[in-house]
Amino acid sequence: DLGHIVMTHLRIVAGDFEDAQVIALLARHFAAMRSTAPEESCHVMPLDAMRAADLDFFAAWKGETLAGVGALKRLDATHGEIKSMHTAAAFRGQGVGQAMLNHLIAHARALGLQRLSLETGASDFFVPARAMYARDGFQPCEPFGDYKPDPNSAFMTRAI
């Protein structure tokens, strides 16, 4: 299963919201997520909201090409949320998502967080994402934070 292979020579660094590749990939992510569910069920974070102080954003680079993005939002002193995980189409199935998830988990631990949660889609489009999270110990959970129950959303959590 390629999802278990962590891509070599992948550099994960703090993301730059002014970088043209970052802006373009986040725009594709936003459009893709908006296409999967009604607007009220879509919790994709707009670029301006990602600049918040309680969010750490990372970019995964393969050479000079942006391979993926991901973010960690602090909900409180011990609980964080995985946000805006997206792998560029050309890099899907090559372990970029897993590498980013590993990075976000390590970053959360370094911040002293004890739990990570996430909201993802419930449709078939999100089966690979839910499978990756499940392999990493994320379990289905009730809505957390400001989320409400929604048949288009799947909520997952794990202790770290």
Arg115 meets the side-chain hydrogen bond (donor to acceptor under 3.5 Å, both in side chains) criterion, sequence neighbours left out, with Thr157
Residue set satisfying side-chain contact (heavy atoms from CB on, under 4.5 Å) with Asp76, at least two apart, ordered chain then number -> Thr78, His79
query: Side-chain contact, heavy-atom cut-off 4.5 Å: Met85 with Met132?
result: yes
So the ring pair (Phe, Tyr, Trp, His ring centres under 6.0 Å) pairs with at least one residue in residues 117-136 (sequence neighbours excluded) are Tyr133-Phe138
Besides Val127, the hydrophobic cluster formed by Ile, Leu, Val, Met, Phe, Trp and Tyr side chains linked at under 4.5 Å, directly or via other members, contains none
Find out whether Ile105 and Arg158 are in side-chain contact, i.e. whether some heavy atom of one side chain is under 4.5 Å from a heavy atom of the other.
yes
Smallest heavy-atom separation, Pro128 atom then Asp124 atom, equals CD-O, 4.1 Å
By side-chain contact (heavy atoms from CB on, under 4.5 Å), Ala49 pairs with (sequence neighbours left out) Met45, Pro46
Open item on the list: I'd like to check Lys62 versus Val96 (side-chain heavy atoms, cut-off strictly below 4.5 Å). Are they in contact?
Closed with: no
Any side-chain heavy atom of Phe91 within less than 4.5 Å of one from Leu10? no
N/O donor to acceptor pairs below 3.5 angstrom from side-chain atoms of residues 148-155, sequence neighbours left out:
from, atom 1, to, atom 2, distance (Å)
Asp150, OD1, Ser41, OG, 3.2
Asp150, OD1, Asn152, N, 2.7
Asp150, OD1, Asn152, ND2, 3.4
Asp150, OD2, Ser41, OG, 2.7
Asn152, ND2, Ser41, OG, 3.1
Ser153, OG, Glu119, OE2, 2.8

Sorted by chain and number, sequence neighbours left out, side-chain contact (heavy atoms from CB on, under 4.5 Å) with Ala108 holds for Leu72, Leu113, Leu116, Ile160
For residues 11-18, dump all side-chain donor-acceptor pairs below 3.5 Å to protein atoms at least two apart in sequence or in another chain.
from, atom 1, to, atom 2, distance (Å)
Arg11, NH2, Gly63, O, 3.4
Asp16, OD1, Glu18, N, 2.8
Glu18, OE2, Arg51, NH1, 2.9

**Request:** For the pair Phe144 and Tyr147, name the ring-plane relationship: parallel under 30°, tilted 30 to 60°, perpendicular over 60°.
**Result:** perpendicular
By side-chain hydrogen bond (donor to acceptor under 3.5 Å, both in side chains), Arg92 pairs with (sequence neighbours left out) His86
Sorted by chain and residue number, the salt bridge (Lys or Arg N to Asp or Glu O under 4.0 Å) partners of Asp56 (sequence neighbours excluded) come out as Arg74
By side-chain hydrogen bond (donor to acceptor under 3.5 Å, both in side chains), Gln21 pairs with (sequence neighbours left out) none
Sequence neighbours excluded, the answer for side-chain hydrogen bond (donor to acceptor under 3.5 Å, both in side chains) partners of Asp48 is none
